[in-house]
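Report on one structure; see the data block that follows.
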Amino acid sequence: MRIGVLALQGAFREHIMMLEALDVTAVAVRLPEQLGDLNGLIIPGGESTAIGKLMETYEFYEPIKQQHGAGMAVWGTCAGAILVAREVLDAVPGQRSLELMDIVVRRNAFGRQVDSFEADLSLAHLGEDYRGVFIRAPWIESVGDGVEVLGEHEGVAIAARQGQLLATVFHPELTGDPRVHRYFIEHVVSS
Ligand code: GLN
């Protein structure tokens with residue numbers, strides 16, 4: 001199994017380390033040509049406007065959509081969740097997403113940098129006491145019919161899955177807990 005991590009900006013190194021700890025071949029993806037032989041792609045947290053601009057520059061939009069159509073699973077964390085969403089509220093003018101997953105997210109919904117926080121989450125299929133790290137996180141404002149909400153924080157959806165798509169608005173790569181990475185590999189990629 002080969003999992004790519006989009007390595008344009010943000011917390012990609014931490015995802016690569018988590019994947020390697022799970023004995024998965026992890027690829028730092030810097031060019032669209034590298035998408036060809038991947039089973040899954042992680043779009044990391046960071047700054048969605050910066051990652052989006054670099055995706056535009058390196059022409060990632062169409063190849064990611066195409067490869068997903070051909071069976072490549074995609075998981076977006078935080079800024080990555082914004083980039084996979086069908087619709088982004090409070091986006092900066094001209095900000096573009098991949099429009100892959102039938103979710104509507106609101107950028108910076110939990111507040112500004114000073115409002116970053118941690119919370120114990122209960123996640124469907126993953127269990128209790130999952131420590132979620134939220135950094136200027138978006139939230140998932142609404143989901144389409146085919147989307148399963150995997151967890152909520154204070155009544156708001158913070159993780160969701162739709163077939164071979166996964167979105168988490170917190171940062172599973174910043175804690176030592178491999179449960180979400182394992183779930184992506186075993187259930188989302190292999191579905
Ligand atoms: N607020 C950031 C954005 O809009 C996301 C923050 C993060 O990925 N930690 O892209």
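We count ligands from 1, going down the list as the structure has it; atoms in each ligand are counted the same way. Below, each value reflects all heavy atoms present in this structure, side chains not excepted, and no hydrogens, waters or symmetry copies.
Nearest protein neighbour of atom 1 (N) of ligand 1, counting heavy atoms only, is Asn108 OD1, 2.5 Å. Scanning the protein for heavy atoms near atom 4 (O) of ligand 1, the closest one is Arg107 NE, 2.7 Å.
The local environment of CZ in Arg131 is crowded, with over 12 non-hydrogen atoms from other residues, nucleotides or ligands closer than 6.0 Å. For Tyr61, the OH atom is densely surrounded, since the number of other residues' heavy atoms within 6.0 Å is greater than 12.
Contacts between Ile51 and ligand 1, counted as non-hydrogen atom pairs separated by less than 4.0 Å, are absent for every part of the residue. Looking at Arg136 against ligand 1, both its backbone and its side chain come within 4.0 Å, counting heavy atoms.
Where the criterion is an N or O separation shorter than 3.5 Å, residue side chain and backbone included, Ser48 meets it with respect to ligand 1. Looking at Cys78 next to ligand 1, no N or O pair under 3.5 Å apart turns up. Checked by distance only, ligand 1 and Pro138 stay at 3.5 Å or farther apart across all their nitrogen or oxygen atoms.
Ile158 and Leu121 get closest at one heavy-atom pair: CD1-CD1, 4.0 Å. Nearest heavy-atom pair across Phe117 and His153 is CE1-NE2, 3.5 Å.
Residue Gly45 has at least one heavy-atom neighbour below 4.0 Å for each of these atoms of ligand 1: 8 (O). Counting the atoms of ligand 1 from 1 in the order shown, those under 4.0 Å from a heavy atom of Ile135 are 6 (C), 7 (C), 9 (N). Listed by number with element, the atoms of ligand 1 under 4.0 angstrom from any heavy atom of Ile82 are 3 (C), 4 (O), 10 (O).
In the model, Glu148 has a side-chain atom that pairs as donor or acceptor with a side-chain atom of His125 under 3.5 Å. Arg161 and Tyr183 form a side-chain donor-acceptor contact under 3.5 Å, judged by distance and modelled atom types alone. A side-chain N or O of Glu47 and one of Thr49 form a donor-acceptor pair less than 3.5 Å apart.
One distance of note links OG of Ser97 with CD1 of Ile43; it measures 10.0 Å at 0.5 Å rounding.
Considering each of Pro44, Ala81, Gly52, Gly46, the one bringing a non-hydrogen atom nearest atom 5 (C) of ligand 1 is Gly46.
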